[in-house]
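Comments concern the structure below.
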Amino acid sequence: QVHVVESGGGLVHPGGSLRVSCAASGGIFKIYTMGWYRQAPGKQRELVANITSAGTVNYADSVKGRFTISRDNAKNTVHLQMNSLKPEDTAVYYCNVMAVDSIYISPGDYWGQGTQVTVSS
């Protein structure tokens with residue numbers, strides 16, 4: 001079983017910065033893409049950014065130039081540095097890990113429990 005745990009998040013003023021982190025653990029054979037999604041109240045979950053094992057990154061247009069995603073393959077962690085935060089960035093941020101587990105050698109999509117990011121004055 002692959003476990004995904006987020007940390008970070010919280011309350012920040014507009015224009016401020018915040019960093020959320022995610023660690024994958026458990027029976028992992030291989031991790032492919034790691035990423036962050038977010039869901040605001042009354043809205044659908046949307047992709048924020050993701051990064052492949054080779055380091056190729058992809059960002060939503062709404063966060064380009066403000067957010068930076070990075071990962072440490074040795075530690076199975078992914079981080080999202082969020083700068084110049086806006087009230088519309090307020091949402092629950094979820095970590096997503098596409099991985100192959102070590103027991104069944106089967107690919108799967110694994111999610112964390114989510115962490116709240118609130119941007120407000």
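Every value quoted in this text rests on a predicted model; they were computed, and no experiment measured them.
The backbone N or O of S120 sits less than 3.5 Å from a side-chain atom of H13, completing a donor-acceptor pair. A distance-only check finds no donor-acceptor pair linking the side chain of N96 to the backbone of W36 [under 3.5 Å]. Side chain of Y59 to main chain of I69: a donor-acceptor pair is present (N/O by atom type, distance under 3.5 Å, no hydrogens or angles).
In terms of heavy-atom proximity, M82 sits nearest to V20 at CE-CG1, 4.0 Å. In terms of heavy-atom proximity, A91 sits nearest to A40 at CB-N, 3.8 Å. Of all the heavy atoms in D109 and M98, the pair that sits closest is OD1-CG, 3.3 Å. Residues S102 and I28 approach most closely at OG-N, 3.8 Å, considering heavy atoms. A pairwise comparison of heavy atoms in H3 and G26 identifies CD2-CA, 4.3 Å as the closest pair.
Under the side chain to side chain donor-acceptor pair (under 3.5 Å) criterion, Q113 pairs with E6, not counting sequence neighbours. V92 is linked by a side chain to side chain contact (heavy atoms under 4.5 Å, CB included) to Y94, Q116, counting only residues two or more places apart in sequence or in another chain.
Taking 4.5 Å as the limit, some side-chain heavy atom of I31 sits within range of a side-chain heavy atom of N76. Between L18 and L85, the closest side-chain pair of non-hydrogen atoms falls below 4.5 Å.
Using a 3.5 Å distance cut-off with no hydrogens or angles, the side chains of S70 and H79 do not pair a donor with an acceptor.
Its side chain within the 4.5 Å cluster rule, I103 clusters with Y104 among the Ile, Leu, Val, Met, Phe, Trp and Tyr residues.
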**OP:** Evaluate the criterion side chain to side chain contact (heavy atoms under 4.5 Å, CB included) for residue pair V5 and S25; output intermediate values, then yes/no.
**Re:** CA-CA 8 Å; V5 178; S25 62; 5.8 Å; no
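For residues 31-121, the set of pairs meeting the disulfide (SG to SG under 2.5 Å) definition, not counting sequence neighbours, comprises C22-C95. Sorted by first and then second residue, the salt bridge (Lys or Arg N to Asp or Glu O under 4.0 Å) pairs involving residues 65-84 (not counting sequence neighbours) are R66-D89.
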Less than 3.5 Å apart, which donor and acceptor atoms pair up between the side chains of residues 43-55 and the rest of the protein, not counting sequence neighbours?
{"residue": "E46", "atom": "OE2", "partner": "R38", "partner atom": "NE", "Å": "2.7"}
{"residue": "E46", "atom": "OE2", "partner": "R38", "partner atom": "NH2", "Å": "3.3"}
{"residue": "T52", "atom": "OG1", "partner": "A54", "partner atom": "N", "Å": "3.3"}
{"residue": "T52", "atom": "OG1", "partner": "G55", "partner atom": "N", "Å": "3.3"}
{"residue": "T52", "atom": "OG1", "partner": "T56", "partner atom": "N", "Å": "3.0"}

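Both V97 and V57 belong to a single network of hydrophobic side chains, linked directly or stepwise wherever heavy atoms of I, L, V, M, F, W or Y lie under 4.5 Å apart. Taken together through direct or relayed side-chain contacts under 4.5 Å among Ile, Leu, Val, Met, Phe, Trp and Tyr, V2 and I105 form parts of separate hydrophobic clusters.
Centroid-to-centroid, the aromatic rings of W111 and Y37 come within less than 6.0 Å.
For K64 and F67, the positive end is not near the middle of the six-membered ring at less than 6.0 Å and at most 45° from its axis.
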